[in-house]
Amino acid sequence: MLQVHDIRANKDAYINALKKRGLDVSEDIENILEADENRRATQTKLDETLAQSNTFSKEIGMLFKSGETQKANILKEKTSKLKEDSKRFQEELNAAVETLDNLLYTIPNIPHELVPAGTDENDNEEVFAEGDIPTLDNEALPHWELAKKYDLIDFELGVKVTGAGFPVYKGKGARLQRALISYFLDKNTEAGYTEYQVPHLVNEDSARGTGQLPDKEGQMYHVTGDDLYLIPTAEVPVTNLFRGDLLPHTQLPITCTGYTPCFRREAGSYGAHVRGLNRLHQFDKVEIVRIEHPDNSYKALDGMVEHVKNILRELKLPYRILRLCGGDLGFTSALTYDFEVFSTAQDRWLEISSVSNFETFQANRLKLRFKDGDGKNKLAHTLNGSALALPRVLAGILENYQTENGINIPDVLVPYCGFDRID
RNA sequence: GGAGAAAUGGCAGAGUGGUCGAAUGCGGCAGUCUUGAAAACUGUUGAGGGUCACACCUCCGGGGGUUCGAAUCCCUCUUUCUCCGCCA
């Protein structure tokens, strides 16, 4: 969420910038500023009342000490009204804070100046593309056919055990999946990211910290018995490792990577675009997370983009990079680059990574701060990206590496797989 | 799952109703000394709100209560530790 004092200072600039998202927030901003003034006024009233009653309490204490109990008792009576007042003001304050927070929750992050205006994915800006799109013959199959032909993934078994969107990987399919996880983790740790294994269930505070709650409640699986949520991405547990921290600036940047399964309800999804591995309720992903000094965060974002590029280059997959337009930009993000790999047999681009800078938007909710060189405590910038999401990379490999006689394995994966062909 | 103990500042650890935001030690920062460093010594050192700046307010695991006044008493929740049971 945004910080009120930033909104106060940059009111017009913020209203203007949010137009890129297709939003007119001028009224909301006015409401926020009004709610904030109300909050501060109420706080002042409460503080003054408490100050008064603190003074009385001290006096009463001294009077009792010196034996002047009668005077003390007179003072005691005076405090009862103050007590009532402070109780009432406290309730008013709680309400004022809640009103303000609820308003703040509705305002998305301010898009970076590089974010192009636009309403949907068609307006995203292609900033880079690389790799040759193979020309396949007419016999080329989509990955779900290949998975069946070579017995790599069994979607029906998943339906039997759990339901649609929970595939079962078998044999070389399972091995290839595991190879990719190891390969990604190795690439990330080589690049300096520290590997973490984190819980796959998180509590409500964590889900709130990274912004899944309150807005996206319906997207997560909720374990009601223990009031825990299955993680939709490793971003949630990994970023929350640092919730509430006040880090010395010398400790920045903090860089983490982690593999987790991800669980998404994907309510309302249907049709051809969700076939095979294209969209699942459970999938694997290796994530990278950075906590950065605000002065370095955009350099860091560029570094993450380069890092993902290198991986895709090694895998020799044709891909492109999109800079998301205002209409497609995630609620919490200031600038996002999506990576898409070309799915030859489906003749479409599949998103395999999304790399974002959230600036202080997440850190504000997380209360994730650092002590800067000047001694001041400031909110850190958080960034994250997939490196990479497994299913669609797998789909890309199966489709792009298929031949008449089998599927080749990208060279860099052969040591991880222990085989160089699926046939 | 059963029984007991505990939760205090970056860490360790005092504090059981009245100048306690909190002793002390370690750590951190600044200085003295030193060619430099170490050691020693001196000073300083929590967070949030609020203010032009002060003042002032809040915070001793979370929430609630008693009291003029709570780190301190009561209730409740959570977590940790010890013992027992179960277990990959």
Side-chain angles (χ1 to χ4, degrees), chain A residues 1-9 32-104 197-209 213 223-229 237 240-252 254 261 291 360 362-380:
Chain A
M1 70 200 270
L2 296 173
Q3 298 173 88
V4 185
H5 66 261
D6 285 350
I7 295 178
R8 213 182 310 154
I32 285 172
L33 294 179
E34 197 179 309
D36 183 48
E37 258 177 59
N38 179 39
R39 191 210 99 228
R40 271 156 42 220
T42 312
Q43 177 86 62
T44 305
K45 277 196 294 186
L46 175 64
D47 286 357
E48 281 167 358
T49 312
L50 289 173
Q52 185 63 252
S53 85
N54 284 345
T55 313
F56 282 167
S57 290
K58 272 178 197 162
E59 280 179 37
I60 291 169
M62 290 200 292
L63 288 172
F64 272 124
K65 243 178 200 167
S66 61
E68 301 171 79
T69 46
Q70 212 168 2
K71 277 189 185 173
N73 285 327
I74 293 168
L75 259 187
K76 264 199 200 179
E77 282 170 29
K78 279 174 132 179
T79 60
S80 67
K81 186 187 174 326
L82 289 174
K83 263 183 98 172
E84 278 171 32
D85 284 351
S86 60
K87 196 162 197 170
R88 198 175 72 239
F89 292 150
Q90 183 65 61
E91 278 163 14
E92 277 179 36
L93 180 62
N94 292 346
V97 169
E98 201 186 328
T99 305
L100 177 60
D101 281 350
N102 285 340
L103 286 167
L104 283 171
Q197 287 192 19
V198 292
H200 300 165
L201 289 152
V202 294
N203 58 31
E204 193 184 324
D205 284 345
S206 294
R208 199 169 289 280
L213 292 178
V223 181
T224 51
D226 296 285
D227 203 16
L228 297 171
Y229 295 87
N240 271 285
L241 296 173
F242 306 95
R243 169 155 47 89
D245 283 4
L246 176 56
L247 306 158
H249 71 279
T250 48
Q251 217 172 303
L252 298 177
I254 288 174
I291 297 165
T360 59
Q362 280 186 332
N364 190 30
R365 272 205 214 176
L366 289 162
K367 298 217 166 38
L368 169 47
R369 296 163 303 156
F370 68 99
K371 191 175 278 296
D372 206 352
D374 60 11
K376 290 208 172 95
N377 300 330
K378 302 171 183 171
L379 291 173

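So you know, we letter chains A, B, ... as the sequences are listed, proteins then strands, and number each from 1.
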B:G50 -> Watson-Crick or G-U wobble partner, both distances under 3.5 Å, gives none
Using Watson-Crick geometry (N1-N3 plus N6-O4 or O6-N4) or G-U wobble (N1-O2, O6-N3), each under 3.5 Å, B:G4 is paired with B:C81
| request: Would you classify A:L50 as touching base, sugar-phosphate or nothing, given that sugar-phosphate means primed atoms plus P, OP1 and OP2, and contacts are heavy atoms under 4.0 Å? | output: sugar-phosphate
Atom CD of A:E77 and atom P of B:G69 are separated, to the nearest Å, by 14 Å
| Taking atom C1' in both B:U19 and B:C68, what distance in whole Å separates the two? | 16 Å
Within less than 4.0 Å of OP1 or OP2 of B:G50, is there a side-chain N or O belonging to A:R39? yes
Per nearest nucleotide of RNA chain B, the residue lying toward the 5' end, A:L75 or A:T44, is A:T44
Rounded to whole Å, the CG-P distance (A:N54 to B:U67) equals 17 Å
Notebook entry, point to check: What distance, rounded to whole Å, do you find between the two C1' atoms, one in B:G62 and one in B:U79?
Noted result: 10 Å
From CG of A:L46 across to C1' of B:G50 the rounded distance in Å is 12 Å
**Flag, side chain of A:S80 to backbone of A:K76, donor-acceptor distance under 3.5 Å** = no
Taking the same atom, C1', in B:U44 and in B:A7, what whole-Å distance lies between them?
29 Å
Taken to the nearest whole Å, CG/A:D205 to C1'/B:G61 is 13 Å
Output for pair (A:N94 CG, A:E92 CD), nearest 0.5 Å, gives 10.5 Å
Per the under-4.0 Å heavy-atom filter, residues of residues 1-9 of chain A near RNA chain B come out as none
Requested in this report: Report, as yes or no, whether the 6.0 Å neighbourhood of atom NZ on A:K378 holds more than 12 heavy atoms from other residues, nucleotides or ligands.
Outcome: yes
Heavy-atom closest pair (A:L366 atom, A:G209 atom, distance to 0.1 Å) is CG-O, 3.4 Å
Rounded to whole Å, the CG-P distance (A:N94 to B:G63) equals 11 Å
Query raised in the report: So, are A:E84 and A:R88 salt-bridged, with charged N and O less than 4.0 Å apart?
Result: no
Residue pair A:A51/A:K83 against RNA chain B: nearer the 5' end by closest nucleotide is A:A51
A:F370 CZ to B:A47 C1', in whole Å, measures 16 Å
Rounded to the nearest 0.5 angstrom, the OG1-CD1 distance for A:T79 and A:I74 is 12.5 Å
Checklist entry - On a whole-Å scale, what distance lies between the C1' atoms belonging to B:A38 and B:U34? => result 10 Å
Rounded to whole Å, the CG-C1' distance (A:N377 to B:U45) equals 13 Å
Checking N1-N3 plus N6-O4 or O6-N4 for Watson-Crick, or N1-O2 and O6-N3 for wobble, each under 3.5 Å, the partner of B:G27 is B:U45
Kindly say whether, by distance alone, the side chain of A:D47 makes a donor-acceptor pair under 3.5 Å with the base of B:G49?
yes
If pairing means Watson-Crick or G-U wobble with both distances under 3.5 Å, then the partner of B:A22 is none
**Q.** Whole-Å C1' distance, B:G13 and B:G9
**A.** 11 Å
Taking only N and O in the side chain of A:R369, is any of them less than 4.0 Å away from OP1 or OP2 of B:A47? no
Atom NZ of A:K371 and atom P of B:U45 are separated, to the nearest Å, by 12 Å
Using Watson-Crick geometry (N1-N3 plus N6-O4 or O6-N4) or G-U wobble (N1-O2, O6-N3), each under 3.5 Å, B:A71 is paired with none
*asked:* Suppose you measure atom P in B:C75 against the same atom in B:G4; what distance do you get, rounded to whole Å?
replied: 14 Å
